[in-house]
Each structure stands twice: as structure tokens, then as C-alpha cells.
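To start, the structure itself, in C-alpha cells.
In each ligand, atom 1 is the first atom listed, and ligand 1 is the first ligand listed. Values reported hereafter were calculated over all heavy atoms of this structure, with side chains retained and with hydrogens, waters and symmetry mates removed.
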Amino acid sequence: MSTGPGPGAAGCADPTGTVGFFLCQAGQRLRGAAIESPRLEARLLLAHAMGCRAEDLLRDPRAPVPPPAARAFAGMLARRIDHAPIAHLTGTRGFWSFDLEVSPATLIPRPDTETLVEAALEAFPDRAAVRRVLDLGTGTGALLLAALTEFPGATGLGIDRAPQAVALARRNAARLGLGGRAAFLAGVWGAAVGPGARFDLVLSNPPYIESTAIPGLMPEVARHEPPLALDGGPDGLAAYRAILEALPGLLATGGLAVLELGQGQRAAVEVLARGRGLAPAGCRADLGGIDRALLLRHRAA
Ligand code: GLN
């Protein structure tokens, strides 16, 4: 039964102050801001504000929204209309088999990046073979922590230039019970690794977007994710050059590096890798069919 449109939002049937009213009004505002799935997002955000599951909201649209939840929802909605990513509003994002705390200091982990974990698992069917893992540009810690959950005998080091990323990755490791096996350091690519340290598995999702392309990315990325995690310099390859220079000195005998690639970068990165004495050892496509995870090994002597 409907009591007619409530005040303030044309066509919203449920009374002011109810779940149904908030969802309807928020959906209209999100649609007006060209957000792709306005109703779904309204539900996700209101559920987060109310501390319940999105599906619970559908059950009782006449339920009142408590004032503190209404205030939290209004704040999140304003940020979402400004195209802040959902993960920045809820503070978490799922990656691999767990949830990670995220912040505007780092890249939000993407499903594409899980391709690197799959590639590493396929390359090391013997899970005990990986003892030491390095993650260059660790951000939230996503890649290192996924590797540590899958290679149970391994310890790892995550490096990031941004001290807030290092702090965030440490919190994520601790929350997942991996704090004892993961160390994190602030520093610049391989230079932060101690002399002589060698790794069975080196992972990296470096910044690989061409600098001039960044303003044209969707506003969620261009305006809300850190340039440090995106900007690959004029040709998008600057970070690969730095990583590949250090890589031969970081890989243990029989070690494998798995680097994330931007679309269309495989050939160029393979050329750079060969120039550093590394051997391309295959590439795994992501779910969209894009060459995403490049495997590199020492060139056989
Ligand atoms: N995959 C990200 C994007 O295209 C970029 C991540 C990166 O530069 N490593 O939005």
C-alpha cells in the first residue's frame, strides 16, 4: 500500500524518514550524478550506514532510518555524488579470499590484479617451494597477503613509497593474522630491499598509466586514487624500467617475477626485460582477455 509521494523526492512512495524513502531519494540523486547503478549503490551505502546487509533493507521499506545512520548516509551520498569510490566510503574492498582496509593513500585493489596470484599459483604447484616473497608497490598489501595465504611456509616483504600505504598494509596483515610473516618498508622499489636479499617470488602492480591519460580516466580513478599508484610517466613504462633494473639482483635461483601489465604493454615490457637479462616466461590474461600478468625469470646461463 502507498500513501503517495513523500515530500522532497518526486515519486517516492514511502514516508519521509523510512528506508524506502531514503533509497528512492538517494537513487534519484545518484542517477542525476551519472552513477551507473544508482539503486544498487543507494542500497549498499544505506546498509553500510545502518550496519545491516543490503538485502535486509528490501524486506521492510517502511522501517525508520535512525538519525545517526541518516547523517552517516547523507555524508556518504555527498561523497559518492562527487565520485568518491564506494570502497573509500565503506573503507574496505574484497580481494582474493579476504577483505582489505583501503584508503585514498593507495590504489583500490582490482579483480584484474588477482590474475597475478593465479599465475604465481600455477607456476609453483609445490606450495612449499616459495619461501620468500617480495611485493614492490604493495599499496594495501593485497598481492603480498594473497601470496602469504597461499604459500603457507613463506614470509614476505612489501615495499611502498607512501608511508601511509605501509601503515595500511601492516594493519591489513595484522587483521588477517599474517603480521608475523609480513614485513613492510617505505622505500623506492628495489632500493629499499637489504643487500643480498633474494626472493622466490617477486610480485608487482606498478603504476602504468601514461601521465597524459590520467585526467581522462573515470573520475573515481582520476580524482580519487593517488597519482603515485597510477602514473607510469610519459610512456607508462617508467616504473617497469626501475623495477626491471633491480629485478635480476632480487630473484633467487629458480625465482619468478610476476608483473601486472596495462593493456597493450606486454611487448614493450618484454623488450625491457630482455634488455636486463631476464627471460619472459609467459603471460596470463585477465577475465577480460587482456594480457595482465607477465612472468619473468633469470635467463638461463
Ligand atoms: N588498473 C588500474 C586502472 O586502470 C591502474 C593500476 C595501475 O596503474 N597499476 O584503473
Side-chain angles (χ1 to χ4, degrees), residues 34-36 80 82-89 93-96 100 102-120 134-147 158-162 164-166 168-169 172 187-190 202-244 246-247 257-270 272-273 283-296:
I35 301 291
E36 213 170 276
R80 188 63 191 114
D82 186 40
H83 291 270
I86 292 256
H88 286 175
L89 306 181
R93 171 55 53 90
F95 182 79
W96 198 245
L100 291 167
V102 302
S103 90
T106 70
L107 195 75
I108 298 165
R110 314 283 207 259
D112 294 341
T113 303
E114 294 172 350
T115 311
L116 278 69
V117 185
E118 292 165 356
L134 175 65
D135 180 8
L136 294 173
T138 194
T140 57
L143 277 171
L144 180 64
L145 297 172
I159 309 263
D160 204 286
R161 195 177 297 213
Q164 300 116 298
V166 168
L168 177 69
N172 277 322
V188 180
W189 304 128
V202 178
L203 299 165
S204 184
N205 173 18
Y208 52 62
I209 311 281
E210 293 175 22
S211 307
T212 52
I214 291 178
L217 299 176
M218 55 197 285
E220 281 76 358
V221 181
R223 289 187 22 233
H224 294 278
E225 293 199 272
L228 195 61
L230 298 169
D231 192 339
D235 64 357
L237 301 173
Y240 296 109
R241 289 191 186 89
I243 290 170
L244 292 169
L247 205 47
V258 188
L259 305 185
E260 180 161 330
L261 299 173
Q263 186 163 4
Q265 289 178 325
R266 178 179 178 181
V269 177
E270 286 185 345
L272 293 173
C283 191
R284 191 179 176 96
D286 64 21
L287 292 173
I290 311 255
D291 277 340
R292 191 60 77 185
L294 179 67
L295 282 64
L296 300 171

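Residue A229 has at least one heavy-atom neighbour below 4.0 Å for each of these atoms of ligand 1: 7 (C), 8 (O), 9 (N). Applying the 4.0 Å criterion to heavy atoms of N205 picks out, from ligand 1, the atoms 7 (C), 9 (N).
Residue contacts with ligand 1, taken as heavy atom pairs separated by less than 4.0 Å, involve L107 solely via side-chain atoms from C-beta onward. When heavy-atom distances to ligand 1 are checked against a 4.0 Å cut-off, R110 comes that close only through its side chain, counted from C-beta outward.
A distance of 5.0 Å separates CZ of R80 from CD1 of I86, quoted to the nearest 0.5 Å. From L237, atom CG reaches atom CD1 of I243 across 11.0 Å, with rounding to the nearest 0.5 Å. Rounded to the nearest 0.5 Å, atoms CG (L287) and CG (D112) are 7.5 Å apart.
Using a 4.0 Å heavy-atom cutoff, G137 is absent from the residues neighbouring ligand 1.
Scanning all protein heavy atoms for the shortest distance to atom 1 (N) of ligand 1 gives Y208 OH, 3.0 Å. The nearest protein atom to atom 4 (O) of ligand 1, hydrogens excluded, is given as I209 CD1, 3.8 Å; this is a heavy-atom distance.
Between the side chains of S211 and D231, at least one donor N or O sits under 3.5 Å from an acceptor N or O.
Taking the six-membered ring where tryptophan is involved, the planes of Y240 and Y208 are essentially parallel, since the angle between them stays under 30° and well short of 60°.
At least one N or O atom of P206 sits closer than 3.5 Å to an N or O atom of ligand 1.
For R284 and E260, the salt-bridge test fails: no basic side-chain N is under 4.0 Å from an acidic carboxylate O.
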